[in-house]
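Contents: one structure, followed by commentary.
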Amino acid sequence: MSKPIVAVVGRPNVGKSTLFNSLCGQQISIVKDTPGVTRDRIYAEVSWLNHNFTLIDTGGIEPDTGDIILSQMREQAEIAIETADVIIFMTDVKQGLVDSDSKVADMLRRSHKPVILVVNKVDSFEKMMPDVYEFYNLGIGEPFPISAVNKLGFGEVLDEVVSHFPEGSDTDKEDDRPKVAIIGKPNVGKSSIINKLVGKNRVIVSDIAGTTRDAIDTAIKYNGKEYVFIDTAGLRRKSKIKEDLERFSIIRTVAAVERADIAILVIDATEGVTEQDAKIAGIAHERGKGIIIAVNKWDDIEKNDKTIYEFTNKIKDTLAFMSYAEIIFVSAKTGQRLNKIYELVDHIVDAQTMRIPTGVLNEILTEAVAMKQPPSDKGKRLKIYYMTQVSVKPPTFVMFVNDVALTHFSYTRYIENRIRESFGFRGTSIRFINRERKEKE
Ligand SMILES: Nc1nc2c(ncn2[C@@H]2O[C@H](COP(=O)(O)OP(=O)(O)OP(=O)(O)O)[C@@H](O)[C@H]2O)c(=O)[nH]1
Ligand SMILES: Nc1nc2c(ncn2[C@@H]2O[C@H](COP(=O)(O)OP(=O)(O)OP(=O)(O)O)[C@@H](O)[C@H]2O)c(=O)[nH]1
């Protein structure tokens, strides 16, 4: 399932943050013990009618001179054109039409992406509409007046946004080739890995159904089967601002991971695992994607018989929130163990789509509860009546309980571990939903 991406572009101070917060307010989910990029508010999930999409704020830090603003807006627009299905171009009725708006509008028009022109700070539609019409001059269509602060005009804008989504973008595709995003910090060897895997096995990529992005996808045939690799490497941005570079790389990662079943997080063996790796890994984890951690440049470090063990421990420590991830040690230079990636991808796809019969699941639950009592609070004990698997990719289980307030993260984790001991589910996260049910048994 690939969710559409909507990017917001606009000058500093036009109200992007306000729009973002008003639209996403309660919906920004902070996943427990995930190092959250969501907290930096670069992207968030939005639901409108029957559509779900990822909203991205391309705006970076605030520059202080006109020149920098323009060059920064160009970068924002480029990143939006590159990654988004629909672009919201945001302007400000109070500042009026500015020269840099026109230049960016030209860029967006040439991209042939759907662009929705939004004019913010129209706090009174009645009084300010004449000023809004001025924005027709940008030549990118009808301006939509909104007031981000007062949440006015959102319905019209969102209707317009979802009307541009590619047909069937939020339903499952008939394309059943595994889709694998290669993610990681700059310079860890993402392109080198893809290039080595390609060797002589590249096949021409046909469009992945439902996407309008000019993606850098590579289809590779291995053992008679096709795999699609989605690259986030290259395209080095010229920005001198470090925060912007990081923001852009996060946006591209979100866009790639959104379209993938599995993410390969590439780590540089010569640098070890870092907080930045954890941040990038969190993007795939939050989305419930399959995960392979590939420790690359394995040829380039000194090793003894404990090195793999020590490295594995360090990864498990820094990336404790995804202990289910598969870990491999590879070299894009020598090709060492690279072909094992296909095998792991196949296994993970199986794990992501595995369905456990309710009967078997409940045998495990009964045994788990007998071995360790559920938590209690103020004399009342949690009861788990039964559980059932409701979906796949990632495997999701509903637990019917007497009182949701009594459920506890650590006990759910305990149940998860019991389930993993029985069924593996290697390489994929699994999710639990607690649902209250009237006591009757
Ligand atoms: N009157 C009015 N003010 C608004 C509205 N939306 C935002 N503002 C104000 O405009 C200012 C800038 O808003 P932000 O949301 O921080 O703008 P931004 O585009 O995210 O700015 P950067 O973070 O610099 O890119 C704030 O003082 C907001 O309160 C609106 O609908 N009406
Ligand atoms: N020794 C060694 N060097 C490697 C290996 N893989 C990549 N490199 C080197 O690491 C550098 C970065 O490799 P790239 O493949 O460009 O890295 P990337 O992650 O695609 O980088 P960005 O485009 O910045 O995102 C290059 O100089 C490669 O030659 C490896 O397995 N062993």
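Order of listing sets the numbers, starting from 1, for every ligand and every atom in it.
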For this session: Classify the side-chain pair Thr274/Asp277 by whether it contains a donor and acceptor separated by less than 3.5 Å.
Result: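 Note: Thr274 and Asp277 side chains meet the donor-acceptor criterion.
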Problem set entry | Side-chain H-bond candidate by donor/acceptor type, Gln76 with Thr58, under 3.5 Å |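 Looking only at side-chain atoms, Thr58 and Gln76 do form a donor-acceptor pair, the distance falling under 3.5 Å.
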Check each atom of ligand 2 against the heavy atoms of [X] and keep those under 4.0 Å away; list them by number with element.
X: Asp299; result: 1 (N), 2 (C), 30 (C), 31 (O), 32 (N)
X: Pro186; result: 24 (O), 25 (O)
X: Asp300; result: 1 (N)
X: Lys333; result: 1 (N), 2 (C), 30 (C), 31 (O), 32 (N)
X: Ser331; result: 31 (O)

For this session: Going by the side chain to side chain contact (heavy atoms under 4.5 Å, CB included) test, name the single residue among Asp268, Ile193, Val188 that passes it with Asn296.
Result: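 Exactly one option meets the side chain to side chain contact (heavy atoms under 4.5 Å, CB included) with Asn296, and it is Ile193.
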For this session: Determine the interplanar angle of the Trp298 and Phe329 rings, folded into 0 to 90°, and report it as parallel if under 30°, tilted if 30 to 60°, perpendicular if over 60°.
Result: tilted
Heavy-atom nearest option to [atom], drawn from [options]:
atom: atom 16 (O) of ligand 1; options: Ser22, Ser17, Gly15; value: Ser17
atom: atom 31 (O) of ligand 2; options: Ser191, Ser249, Ala269, Ala332; value: Ala332
atom: atom 19 (O) of ligand 1; options: Gln95, Lys16, Met90, Lys151; value: Lys16
atom: atom 3 (N) of ligand 1; options: Gln76, Lys121, Lys94; value: Lys121

In the structure I gave you, are the side-chain heavy atoms of [X] and [Y] within less than 4.5 Å of one another anywhere?
X: Trp48; Y: Asp159; result: yes
X: Ile5; Y: Ile56; result: yes
X: Ile430; Y: Pro395; result: yes
X: Val6; Y: Ile87; result: no
X: Val98; Y: Thr91; result: no

Looking only at N/O atoms, are [X] and ligand 1 under 3.5 Å apart anywhere?
X: Asn150; value: no
X: Val14; value: yes
X: Ala148; value: yes
X: Ile146; value: no

Problem set entry | Atoms of ligand 1, numbered as shown, that sit under 4.0 Å from any heavy atom of Ser147 |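 Per the distance check, 30 (C), 31 (O).
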For this session: Step through it carefully: locate the ring centre of Tyr324, locate the ring centre of Phe425, and say whether they are under 6.0 Å apart.
Result: no
Exercise. Given the rule in the side chain to side chain contact (heavy atoms under 4.5 Å, CB included) test, do Val119 and Asp92 qualify, once you have shown the distances and angles that lead to the verdict?
Worked result: CA-CA 5 Å; Val119 184; Asp92 176 344; over 6 Å; no
Exercise. Just heavy atoms, cut-off under 4.0 Å: does Asn296 contact ligand 2 by side chain, backbone, both, or neither?
Worked result: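 Side chain only.
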Exercise. Just heavy atoms, cut-off under 4.0 Å: does Asp57 contact ligand 1 by side chain, backbone, both, or neither?
Worked result: neither
Exercise. How does Leu19 reach ligand 1, by side chain, by backbone, by both or by neither, if only non-hydrogen atoms under 4.0 Å count?
Worked result: neither
For this session: Give yes or no for whether the N/O distance cutoff of 3.5 Å, strictly under, is met between Val188 and ligand 2.
Result: yes
For this session: Would you check the N or O atoms of Ser192, main chain and side chain alike, for any that come under 3.5 Å of an N or O of ligand 2?
Result: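 The answer is yes, given that Ser192 and ligand 2 share an N or O pair closer than 3.5 Å.
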Problem set entry | Exam field: side chain Gln389 to backbone Met354, donor-acceptor pair closer than 3.5 Å |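 Yes, Gln389 side chain to Met354 backbone: donor-acceptor pair under 3.5 Å.
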